[in-house]
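Reviewing the structure listed below.
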Amino acid sequence: MRSRMVGDLDREDVGRQETLAGWVHRRRDLGGLLFVDLRDRSGLVQVSVGPDWTEAASLELAHRLGAEDVVRVTGEVCLRPEDARNPDLPTGEVEFRVRELELLNGAVTPVIPVYRGPEDELPAEELRLRHRNLDLRRFELQENLALRHSLILTTRNYFDRLGFLEVETPILTKPTPEGARDYLVPSRVHSGEFYALPQSPQIYKQILMASGFDRYMQIARCFRDEDLRADRQPEFTQIDLEAAFVSAEDILEWIEGLMAALAPVAGIEATPPFMRMSWTEAMDRFGSDRPDLRWELEVEDWTEVLGSADSNILKGAVAKGGRIRGFRIPDGASLSRREIEEIEGSARAAGAPGLLWAKRTDDGGSGPLSRWLEEGHWDALDAREGDLLLAAAGPDRVTSPALSATRSAVIGAMELARVRDHAWLWVLDFPLFEEEDGKVWANHHPFVLPHPEDVHRLGEDPLSVRGIAYDLVYNGSELGSGSLRIHDPALQRRVLGILGLDDQEIDRKFGFLLEALASGAPPHGGIALGMDRMVKDFLGVPSLRDVIAFPKTTAARALFEGAPAPVDSEDLRELRLRIEPRSSGTDRGDDG
RNA sequence: GGGGCUGUAGCUCAGUUGGUUAGAGUGCCGGUCUGUCACACCGGAGGUCGCGGGUUCGAGUCCCGUCAGCCCCGCCA
């Protein structure tokens, strides 16, 4: 139907007879002469239509073409007149002189334009999602999805060479009691019972390990029924892997190798080995378990210096076992009071009651913190004239998130220079559990192998137990998370018990996993990388919606096809389901 | 579940203190035009001011509710 794509036509092709096909991107009708920018997936070429080289019927048809009409043209690649070349277009030295034009399919006037002028804004995102067929024709989205394809292909080849097998795991699975809300699918055959869509293939891949597939990988679709964000979609794709007879070191090296293989595809840099720090160190130095190491700014511990200052806030925080931590910002005194208040606002939004700040000036200091500072304090904190101190006092669980938010805000406000453009980091040894409302939760998931040095504390002090777990962080974004897993059924039962499950529940909910572990499961571990987020971060685009062909809105709707949608009562009857009206008030709180 | 921003022509936006017939650019339709590439020029059509209610002599503008999109908090093992 066509002899080649348009995007790489250049002076080498001059004189060639070709047949091209694509969309009418834009039309410039000069009356006697007419130019059409013809678009296919590879790019644009100018097609020229004129009485000297175009057949009469085609000439007449060309004047009636509209945007997004689908056409096929036959003719010759010609060098453009010297004063009519377009250096901004890759194919701008040549044009395609049409002998014959054929309309393959007409297009109604597009609701949102595919063509975009140099100063045109993108249409509203709602319209772009509602008319995704048109939006996807834009070069940006075509390129994003092409990169995504290349990354997936490279990933599969990489793991294939390492002897990994891609194994598909079920989409209709068993509801899991912990973690995110499941998407549920009613069973017709077994009315009243439900499948769940997988939040991840976690348990299946562990069972594959017990089944002897000692190197598994999958480009796996996962589903979580939770509220959305710019970097969270209800269905998403993971590069999921698991291997038996491995140490954490093996997995880290594999993933570093994968990133080194993907980086040139994405046009970024990844040079193993990556930096590493423990979770404790990351929280201590940056207040975050996924610090963005493109900037050097670090949290300092001022408890010793400022703990004795005559301030109830500072003294009180230390007396309750908290710390005074903060940032010393060289030349930060140049920030206005208003800018500092905005930084403080970020800290408040992250849950801190506020920030204490002080500028060191030529006549002493200014700011709320400075009244507590004596002459020696400045020097002890290494603060010079023109510096700004920002401090938070209290327990780490409150100050760490606040300081992390402060750090980002300061980097923005001071326009601090990056020390590197691509910051790769492993964060290691996450705590196995966290406490919330007096209840113990699995920090990651309940299958993480406790650190052998800590396992004896499972009984008396579970919160202090580290897991053999690792997160991959790129430019402050968590790309992936993994761990060695528990392969001893007794230990697995014990950990589930710490999470508050009794033996009966454990058997009912995780019996099939325990059975697999008891059948001779090898030591194993793995990791899962967020594919969508990886593409987004590699491209530096602001939203996951720019790297997913058919994304959902923040209300989890698909605007193009209109999902979710009501179903016929006939379908519901077959499932023996009934919809309760919204206004019935039975949703919650009936009995108190 | 909560907070914030946005919603005016197909699209991108302007619209003053509540006051005559709601505007611009682009797209669309018709016309002129043989070297344009945001073609140029002439003419024209095009509006449920998201939706519902209220205040007012009078509402795009003020108030209440609601819907949708986006951002954030909660949530996301």
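Protein chains get the first letters and strands the later ones, always in sequence-line order, with residue 1 at the start of each.
- Within the nucleic acid shown, Leu228(A) has no heavy atom closer than 4.0 Å to any nucleic acid atom.
- Residue Leu89(A) is classed as having no contact, given no heavy-atom separation below 4.0 Å to the nucleic acid.
- Nearest-nucleotide positions on RNA chain B place Val111(A) closer to the 5' end than the other of Val111(A) and Asp231(A).
- If you take atom P in G10(B) and the same atom in C71(B), they sit 26 Å apart, rounded to whole Å.
- Relative to the ring axis of Tyr115(A), Arg26(A) places its NZ or CZ within 45° and under 6.0 Å from the centre.
- Between the side chain of Asp83(A) and the base of G35(B) there is no donor-acceptor pair of N/O atoms closer than 3.5 Å.
- If you check every strand for non-hydrogen atoms under 4.0 Å, Pro123(A) touches sugar and phosphate atoms only.
- Considering only side-chain N and O atoms, Arg26(A) lies under 4.0 angstrom from the phosphate OP1 or OP2 of G27(B).
- RNA chain B is contacted by both Lys552(A) and Gln46(A); Gln46(A) maps to the nucleotide lying nearer its 5′ end (nearest heavy atom per residue).
- If you check C57(B) for Watson-Crick or wobble pairing at under 3.5 angstrom, you find it paired to G19(B).
- At the heavy-atom level, Pro110(A) lies nowhere under 4.0 Å from the strands shown.
- The base of U12(B) lies outside donor-acceptor range of the side chain of Arg116(A), with no N or O pair under 3.5 Å.
- Using a 4.0 Å heavy-atom cutoff across all strands shown, Ser48(A) reaches no nucleic acid atom at all.
- For Arg181(A) against G74(B), a side-chain-to-base donor-acceptor contact under 3.5 Å is absent.
- Base pairing annotation: A40(B) forms a Watson-Crick or G-U wobble pair with U32(B), both donor-acceptor distances under 3.5 Å.
- Taking 4.0 angstrom as the limit, Thr553(A) places a side-chain polar atom (N or O) nearer than this to OP1 or OP2 of G69(B).
- Residue contacts shown for Glu436(A) are limited to sugar-phosphate atoms, with no base heavy atom under 4.0 Å away.
- On the P atoms, A68(B) is 16 Å away from G50(B), given to the nearest whole Å.
- Base engagement by Arg97(A) is indicated by at least one non-hydrogen atom pair under 4.0 Å involving a base atom.
- Contact annotation: side chain of Arg232(A) to base of C76(B), donor-acceptor pair present below 3.5 Å.
- Contact between the side-chain N/O atoms of Thr109(A) and the OP1/OP2 oxygens of C28(B) is not found at any separation under 4.0 Å.
- Counting non-hydrogen atoms under 4.0 angstrom, Asp120(A) reaches nothing in the nucleic acid.
- If you check every strand for non-hydrogen atoms under 4.0 Å, Gly117(A) touches nothing.
- Under 4.0 angstrom from either OP1 or OP2 of U36(B) there lies no side-chain N or O belonging to Arg28(A).
- The base of G69(B) does not come close enough to the side chain of Arg557(A) for any donor and acceptor atom to sit less than 3.5 Å apart.
- Contact of Glu126(A) with G7(B) (side chain to base): no donor-acceptor pair of N or O atoms is detected under 3.5 Å.
- Using a 4.0 Å heavy-atom cutoff across all strands shown, Leu34(A) reaches no nucleic acid atom at all.
- In a base pair of the Watson-Crick type (N1 to N3 plus N6-O4 or O6-N4) or a G-U wobble (N1-O2 and O6-N3), with each distance short of 3.5 Å, U26(B) is matched with G10(B).
- Among the heavy atoms of the strands lying under 4.0 Å from Ala555(A) are primed sugar atoms or P, OP1, OP2 only; no base atom is included.
- A donor-acceptor contact under 3.5 Å links the side chain of Arg80(A) to the base of C37(B).
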